[in-house]
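Below is one structure, written out as structure tokens; comments come after it.
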Amino acid sequence: MSEEKSLNFIEEIIENDLNSGKYSSIVTRFPPEPNGYLHIGHASSICLNFGLTKKYPGYTNLRFDDTNPTTEETEYVESIKEDIRWMGFEWKHELYASDYFQQLYDFAVLLIKKGLAYVDDSTSEAIAAMKGTPTEPGKDSPFRNRSVEENLDLFQRMKNGEFPDGSRTLRAKIDMAHINMLMRDPILYRIKHAHHHRTGDAWCIYPMYDFAHGQSDSIENITHSICTLEFVPHRELYDWLIAQLEIYPSHQYEFARRNINYTVTSKRKLLQLVNEGHVTGWDDPRMPTISGLRRRGFTPESIRDFCDRIGVAKRENMVDVGLLEFCVREHLNKVAQRRMVVFDPLKVVITNYTAAEELLPTENNPEDPNGGTRMVPFSAEIYIEQDDFMENPPKKYFRLAPGQMVRLKSAYIIRCEEVVKDADGKLIELRCTYIPESKSGSDTSGINVKGTLHWVSAKHAVSAEVRLYDRLFRVEDPTDEEGDFKEYLNPESLQVVNRVYAEPDLLNADLNSRYQFLRKGYFCLDKDSTTEHLVFNRTVTLKDAWAKEVKKA
RNA sequence: UGACCCAUGGUGUAACGGUAGCACUACAGAUUUUGGUUCUGUCUGUUAAGGUUCGAAUCCUUAUGGGUCAACCA
């Protein structure tokens with residue numbers, strides 16, 4: 001216990017509550033609305049809420065905030081559950097705000113009986129007009145002073161389906177001049193003759209967020225109800241309802257949502273990208289959704305690490321996506337199997353290599369002592385990257401050039417003897433010689449070369465498709481720019497390389513495999529892959545010091 | 001022209017009246033059969049002005065800047 005990690009402000013509150021004896025254990029909840037897929041911003045909330053009850057005694061519920069039947073679907077429920085589990089967390093109870101519809105209705109009746117709620121026949125527009133503005137008070141609704149009996153009767157008839165959608169609402173009776181707009185007789189219930197994904201057609205009135213969330217927290221005895229900053233003004237109403245209803249006092253705490261640059265994390269905007277075909281779906285590997293990141297090859301460990309590093313606070317923020325990339329590189333470096341794949345082939349003929357072929361051992365992961373080795377076929381005709389040869393190289397170029405030597409990873413040192421071109425002067429192949437004594441593991445040549453290249457034996461190579469991803473947007477904050485955010489999509493966010501040349505071991509890849517294609521980046525198999533047609537996604541590139549050097553020049 | 005929330009390097013986050021630290025980024029170097037990894041070093045910060053105090057990033061005041069609030073969404 002010598003080195004204490006500093007606490008975030010929510011952990012401080014919890015430790016105080018635990019130390020003061022206010023609670024002996026805590027209960028948190030993760031409350032998604034099932035109207036979209038979870039994204040990286042939710043990951044922060046998931047790590048926070050579930051992480052808290054891993055650290056302190058207590059548990060976390062999963063509660064779907066399903067009070068709006070017109071936007072919610074079972075498909076989303078399933079994806080949310082899958083994503084949370086994939087992130088490595090398990091909830092204590094799987095709950096739904098809709099489980100409490102009867103209880104919530106009873107709460108509303110109680111409020112009416114206490115003279116604290118009334119049925120309003122005003123139209124949506126009229127209510128908005130009477131609401132006032134942040135600087136001017138609102139006006140009382142003409143229906144505000146109905147008798148308890150009339151309200152009770154009307155509310156029951158609302159429930160019974162006697163009135164059409166939008167014709168009436170149930171409102172709390174607080175104060176139309178309140179400085180907090182949310183306290184100006186907020187709507188508690190509205191009529192929606194809509195089919196609910198769980199309760200079916202049992203109800204035609206549905207509670208609003210403010211009349212469902214806090215009450216659900218209370219019913220579940222949530223001790224620390226954590227949400228984002230935009231709900232700060234709701235807290236006053238949250239507390240008011242709990243006080244008037246005299247139910248278990250849950251407490252709401254707010255933290256700043258995490259924003260990440262070069263992407264958007266708004267379900268509405270993400271839905272647009274999906275619906276308008278800018279991406280292939282919620283799990284498009286370019287999407288900041290958890291399912292997209294998963295398909296892209298991110299690991300739960302790396303996402304949890306990221307959430308841990310960006311922390312929890314109350315100030316506005318814009319996290320650099322570079323940190324997310326750092327986290328996934330750090331994890332993948334430790335666990336990814338190394339393989340060799342040539343993207344843009346240049347044929348190399350080794351003129352003095354007389355054997356038909358041989359199998360060369362190579363380590364699966366130099367970072368993992370228990371990673372083992374595999375055999376890679378070598379022969380007189382191999383492919384290297386076009387990039388790894390230059391006829392007229394600059395000073396610090398360590399790769400192949402006429403007369404220069406380079407090591408082939410896990411194989412031999414070769415020297416470029418001859419450059420073969422076609423009639424148009426286009427580079428066709430390189431003719432090289434190899435140094436037999438330079439074989440990896442038993443090198444007696446005494447030759448030291450600066451560069452080591454990845455390669456693949458031409459006749460053993462298997463072909464594959466590779467999908468290279470870049471940031472979805474060209475600008476850091478698409479939401480902050482002029483015009484529609486979609487104008488700032490990065491047209492080069494996806495680059496497909498139809499045919500790359502891979503070492504044959506890659507035929508064994510499965511969806512759980514994580515690879516580092518040497519000197520290329522981290523890759524994983526895509527779900528579109530078949531035995532006949534391998535497809536790999538690039539999760540993230542490797543850091544590239546040479547690219548930087550080239551840029552400088 | 002109201003209320004509320006917030007303000008620490010380029011980014012994120014610590015320091016709870018007593019030496020402004022950590023991570024990412026950037027840069028420089030060492031190592032390296034991945035121009036990867038690893039290691040070492042360097043740069044850059046308390047929004048401003050007053051006040052309280054022996055001492056202020058921290059407490060107070062004012063200003064400035066940013067965010068939120070006027071959906072029958074959550």
Side-chain angles (χ1 to χ4, degrees), chain A residues 5-8 12 31-33 35 65-68 70-72 120 122-124 127-129 131-138 165-171 178-182 184 187-192 205-206 208-210 212-213 227-236 254 256 258 261 267-268 309-327 329-330 333-334 338 340 362-363 366-367 396-399 406-411 413 438 440-441 443 448-454 516-521 541-550:
Chain A
K5 209 192 161 215
S6 57
L7 305 175
N8 65 50
E12 272 180 25
E33 185 192 6
N35 69 345
D65 239 333
D66 56 349
T67 57
N68 186 0
T70 54
T71 58
E72 295 154 6
D120 194 335
S122 308
T123 63
S124 172
I127 289 177
K131 194 101 185 179
T133 72
T135 52
E136 304 158 40
D165 287 6
S167 59
R168 284 171 225 259
T169 56
L170 181 75
R171 293 229 262 164
H178 203 289
I179 200 72
N180 181 348
M181 300 279 297
L182 282 153
R184 321 243 261 228
I187 293 171
L188 267 21
Y189 267 90
R190 75 285 215 194
I191 301 171
K192 269 179 194 275
I205 55 171
Y206 292 91
M208 296 288 289
Y209 165 85
D210 286 304
H213 199 101
C227 60
T228 45
L229 245 32
E230 66 267 31
F231 291 98
V232 168
H234 292 252
R235 190 175 61 235
E236 193 170 11
E254 312 87 10
R258 313 323 277 176
N261 57 12
K267 277 196 274 186
R268 208 194 95 248
R309 285 171 186 264
I310 62 181
V312 174
K314 295 188 80 162
R315 73 184 81 115
E316 297 296 319
N317 59 81
M318 180 64 80
V319 181
D320 194 329
V321 67
L323 183 61
L324 216 208
E325 293 173 350
F326 166 83
C327 291
R329 281 193 191 106
E330 187 178 58
N333 178 48
K334 294 192 191 105
R338 312 295 137 120
M340 293 196 284
T362 184
E363 71 271 14
E367 302 298 313
K396 285 190 281 185
Y397 189 78
F398 304 148
R399 284 115 94 144
V406 83
R407 169 164 300 276
L408 296 175
K409 173 71 182 173
S410 296
I413 292 174
S438 67
S440 275
D443 184 351
N448 251 325
V449 292
K450 274 288 225 180
T452 300
L453 308 185
H454 63 280
Q516 183 197 105
F517 291 174
L518 245 56
R519 306 206 297 143
K520 285 295 185 185
T541 61
L542 255 26
K543 286 218 298 200
D544 191 345
W546 174 244
K548 234 178 243 175
E549 195 69 32
V550 170

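In this text the structure is predicted, and so the values were computed from the model without any measurement. Residue numbering restarts at 1 for every chain, and letters A, B, ... go by the order of the sequence lines.
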TODO: Can you sort out the partners of A:Pro366 under side-chain contact (heavy atoms from CB on, under 4.5 Å), two or more places apart, ordered by chain and number?
DONE: A:Arg338, A:Glu363
Task: Electrostatic pair A:Lys192-A:Asp165, nearest N-O below 4.0 angstrom - done: no
Task: B:G50 to B:C4 separation - C1' atoms, rounded to the nearest Å - done: 25 Å
Task: Sugar-phosphate, base or nothing in reach of A:Met340, heavy atoms under 4.0 Å - done: nothing
- [ ] Could I get the full list of side chain to side chain donor-acceptor pair (under 3.5 Å) partners for A:Lys267, not counting sequence neighbours?
- [x] A:Asn35
Task: P-based separation of B:U62 from B:U68 [nearest Å] - done: 24 Å
TODO: May I ask you to say what A:Ser122 touches in the nucleic acid, namely base, sugar-phosphate or nothing, with a heavy-atom cut-off under 4.0 Å?
DONE: base
Open item on the list: Rounded to whole Å, please give me the gap between CE in A:Met208 and C1' in B:A70.
Closed with: 14 Å
Open item on the list: Counting the atoms with a prime plus P, OP1 and OP2 as sugar-phosphate, which does A:Tyr189 contact under 4.0 Å by heavy atoms, base, sugar-phosphate, or nothing?
Closed with: nothing
Open item on the list: Using whole Å, what does the distance between atom C1' of nucleotide B:C24 and atom CZ of A:Arg309 come to?
Closed with: 8 Å
TODO: Quote, to the nearest angstrom, the P distance that separates B:U61 from B:A7.
DONE: 15 Å
TODO: Quick one: list whatever passes salt bridge (charged side-chain N to carboxylate O under 4.0 Å, His left out) with A:Asp443, sequence neighbours left out.
DONE: A:Arg407
Task: A:Arg168 CZ to B:C72 P, straight-line distance once rounded to whole Å - done: 17 Å
Open item on the list: A:Arg309: which residues meet the salt bridge (charged side-chain N to carboxylate O under 4.0 Å, His left out) condition with it, sequence neighbours left out?
Closed with: A:Asp305, A:Glu330
- [ ] Kindly state whether the ring of A:Trp546 and the ring of A:Phe398 have centres lying under 6.0 angstrom apart.
- [x] no
TODO: Can you sort out the partners of A:Ser124 under side chain to side chain donor-acceptor pair (under 3.5 Å), two or more places apart, ordered by chain and number?
DONE: none
Task: C1' gap between B:G2 and B:C54, integer Å - done: 42 Å
TODO: Quick one: list whatever passes side-chain contact (heavy atoms from CB on, under 4.5 Å) with A:Glu254, sequence neighbours left out.
DONE: A:Cys227, A:Leu229, A:Val232, A:Arg235, A:Gln252, A:Lys314
TODO: With the side chain of A:Phe326 defined as its heavy atoms from C-beta on, choose the nearest nucleotide among B:G12, B:C73, B:U25.
DONE: B:U25
Task: Contacts of A:Asp66 that satisfy salt bridge (charged side-chain N to carboxylate O under 4.0 Å, His left out) - sequence neighbours left out - done: none
Open item on the list: Does A:His213 reach a base, just sugar-phosphate, or nothing at all? Heavy atoms under 4.0 Å.
Closed with: nothing
- [ ] For RNA chain B, write out the stems as range with range, using runs of 3 or more consecutive Watson-Crick or G-U pairs with both distances under 3.5 Å.
- [x] B:2-7 with B:64-69, B:10-13 with B:21-24, B:26-30 with B:38-42, B:47-51 with B:59-63
Task: Integer angstrom distance from the C1' of B:U46 to that of B:U13 - done: 14 Å
TODO: Whole angstrom is fine here: how far is it from CG in A:Leu182 over to C1' in B:C72?
DONE: 14 Å
Open item on the list: With rounding to the closest Å, how many angstrom separate the P atoms on B:A48 and B:G41?
Closed with: 31 Å
TODO: With heavy atoms under 4.0 Å as the rule, sort A:Lys267 into base, sugar-phosphate or nothing.
DONE: nothing
- [ ] If a protein heavy atom is under 4.0 Å from the base, mark B; if only from the sugar-phosphate, S; if neither, -; do that for nucleotides 29-44 of chain B going 5' to 3'.
- [x] ----BBBBS-------
Open item on the list: Run the salt bridge (charged side-chain N to carboxylate O under 4.0 Å, His left out) test against A:Glu549 and tell me which residues pass, sequence neighbours left out.
Closed with: A:Lys396, A:Lys552
Task: Toward the 5' end of RNA chain B, by each residue's nearest nucleotide, A:Asp66 or A:Gly322 - done: A:Gly322
Open item on the list: Does a side-chain N or O of A:Ser6 approach OP1 or OP2 of B:U13 to a distance below 4.0 Å, or not?
Closed with: no
TODO: Could you state the atom-to-atom distance from CE of A:Met318 to C1' of B:U25 in whole Å?
DONE: 16 Å
Task: Between C1' of B:C73 and NE2 of A:His234, the distance in whole Å - done: 10 Å
Task: Nearest-angstrom distance, P atom, B:G45 to B:G66 - done: 23 Å
Open item on the list: Classify A:Thr123 by what it touches in the nucleic acid, base, sugar-phosphate, or nothing, heavy-atom distance under 4.0 Å.
Closed with: base
TODO: Please identify each residue that fulfils side chain to side chain donor-acceptor pair (under 3.5 Å) with A:His234, with sequence neighbours left out.
DONE: A:Asp210
Task: Rounded distance in Å between the C1' positions of B:C6 and B:G12 - done: 16 Å
Open item on the list: Can a donor-acceptor pair be found, under 3.5 Å and without considering hydrogens, that links the side chain of A:Asp544 to the backbone of A:Ala547?
Closed with: yes
- [ ] Work out which heavy atom in A:Gly451 is nearest to a heavy atom in A:Val406; give both atom names and the distance.
- [x] O-CG2, 3.4 Å
- [ ] Using a 4.0 Å heavy-atom cut-off, write out nucleotides 2-9 of chain B from 5' to 3' as B (base contacted by protein), S (sugar-phosphate only) or - (no contact).
- [x] BSSSSSB-
